[in-house]
There are 2 protein chains.
Amino acid sequence: METFVELLKTHNLKVTQQRLEILRYVESHLTHPTADEIFQSLTKKYPSLSKTTIYNTLETLTNAGIIQRLTICPTEHRYDFNHDMHHHFICKQCGKIFDIHFTCPNVETIEKDILKDGHRIEEVHGYFRGKCKDCLNKEGVKNG
Amino acid sequence: METFVELLKTHNLKVTQQRLEILRYVESHLTHPTADEIFQSLTKKYPSLSKTTIYNTLETLTNAGIIQRLTICPTEHRYDFNHDMHHHFICKQCGKIFDIHFTCPNVETIEKDILKDGHRIEEVHGYFRGKCKDCLNKEGVKNG
DNA sequence: TTTTAAGTTGTAACCATTACAATTTAACAA
DNA sequence: TTGTTAAATTGTAATGGTTACAACTTAAAA
């Protein structure tokens, strides 16, 4: 039935309309939205929704491991539903983030190395920076 | 001789006292300092140094590929001299960043995959989040 | 239904970073 | 050495994402 309700309960989080909406939004928008983008979209339907709630909820869901916070963008945080383990490519020019559905097969070896140091790993992030296909093409046209 | 002078010239950057000092600082402090930490340290010796210069220079050096900007910390940027390719582990509790001198041997396979999509890779970042050895130990003592 | 800890809301503040315009300077050429 | 100019530096003011906080509301258990 209500998957998201179950999901929240599983993580010992109170079920509220706000949390469900935010969760639904992030799960269905694979565009790595910012807090503001989520707010701008949801505020149309729920005018009483507060931006602070967006921030609080994103923090809560991140801590629970339900979503992940991307610190790839230098100016703002982006959020991503934790579907499966994957990495990211961010374009320096247009800022668009692309999912990289390929993870290092040796990540466990690295993790063992870190564990050997005594640290406890809770998140694994990989990201690549550069110029995306679209921006390269635009330049190609412009510069011959 | 003056390695940093050469380094700047190689990248077609004007050689200024400010750039040399900032470069020297980042190269010799492997603590992944913030712009403010660099400023607080250098302002003692060079009171006329402006914080804007710190930001400008870090931006310039990052674009040149001489240093790298870490966006691991959610609240502020950290900088790292580009000695060799390595990854990072950041403690969620104390915020300290540890160097991970081990990179994915299959990173080139991933890169080929990204290149196949048409994107151009300019930076590769890997980071792990969790609780560091020191923070775990402190908790261990406290909780028996 | 009552209770209460937890969640939500709006406002105000915070603070890292950037914009901008004036001043200074590195680097090149004469 | 001197003059020239584009680039770098500086200080101040503004920006904007995020957080602090206190009042209000509500989910959920008794």
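Everything numeric in this text was worked out from a predicted model, so none of it was measured. Only this structure's heavy atoms are used, side chains among them; waters, hydrogens and symmetry mates stay out. So that the names make sense, note that chain A is the first sequence line, chain B the second, and so on, each numbered from 1.
Although no hydrogens or angles enter the test, the distance criterion places no donor-acceptor pair under 3.5 Å between the side chain of B:Arg24 and the main chain of B:Arg19. Judged by distance alone, with hydrogens and angles left aside, the side-chain atoms of B:Glu37 form a donor-acceptor pair with the main-chain N or O of B:Thr34 at under 3.5 Å. A side-chain donor-acceptor contact under 3.5 Å links A:Thr60 to the backbone of A:Asn56.
A:Phe4 and A:Phe81 have perpendicular rings, their planes meeting at more than 60° on a 0 to 90° scale where under 30° would count as parallel.
One atom, OH of B:Tyr55, and another, C1' of C:dT17, lie 5 Å apart when rounded to the nearest Å.
Comparing the axis of the opening five pairs of the helix from C:dT1-D:dA30 to C:dA30-D:dT1 with that of the closing five pairs yields an angle of 40°, rounded to 10°.
Between A:Glu122 and B:Lys92, at least one side-chain nitrogen of the basic residue sits less than 4.0 Å from a carboxylate oxygen of the acidic one, meeting the salt-bridge criterion. Remark: A:Asp80 does not engage A:Arg69 in a salt bridge, criterion side-chain N to carboxylate O under 4.0 Å.
Of all the residues in residues 31-46 of chain B, not one reaches under 4.0 Å from DNA chain D with any non-hydrogen atom.
Nucleotides of DNA chain D lying under 4.0 Å from heavy atoms of chain B occupy a range whose first and last members, 5' to 3', are D:dA6 to D:dT12.
Sequence neighbours left out, not one pair with a member in residues 53-79 of chain A passes ring-ring contact (aromatic ring centres under 6.0 Å, His included).
The heavy-atom pair separating B:His88 from B:Ile72 by the smallest distance is CB-CD1, 3.6 Å.
Remark: A:Tyr127 engages B:Thr71 in a side-chain hydrogen bond (donor to acceptor under 3.5 Å, both in side chains) (not counting sequence neighbours).
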How would you summarise protein contacts on nucleotides 3-15 of chain C per nucleotide, using B for base, S for sugar-phosphate only and - for none, with heavy-atom distances below 4.0 Å? --BSSBBBB----

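Side-chain contact of A:Asp99 with A:His32: a donor-acceptor pair under 3.5 Å is present, judged by distance alone.
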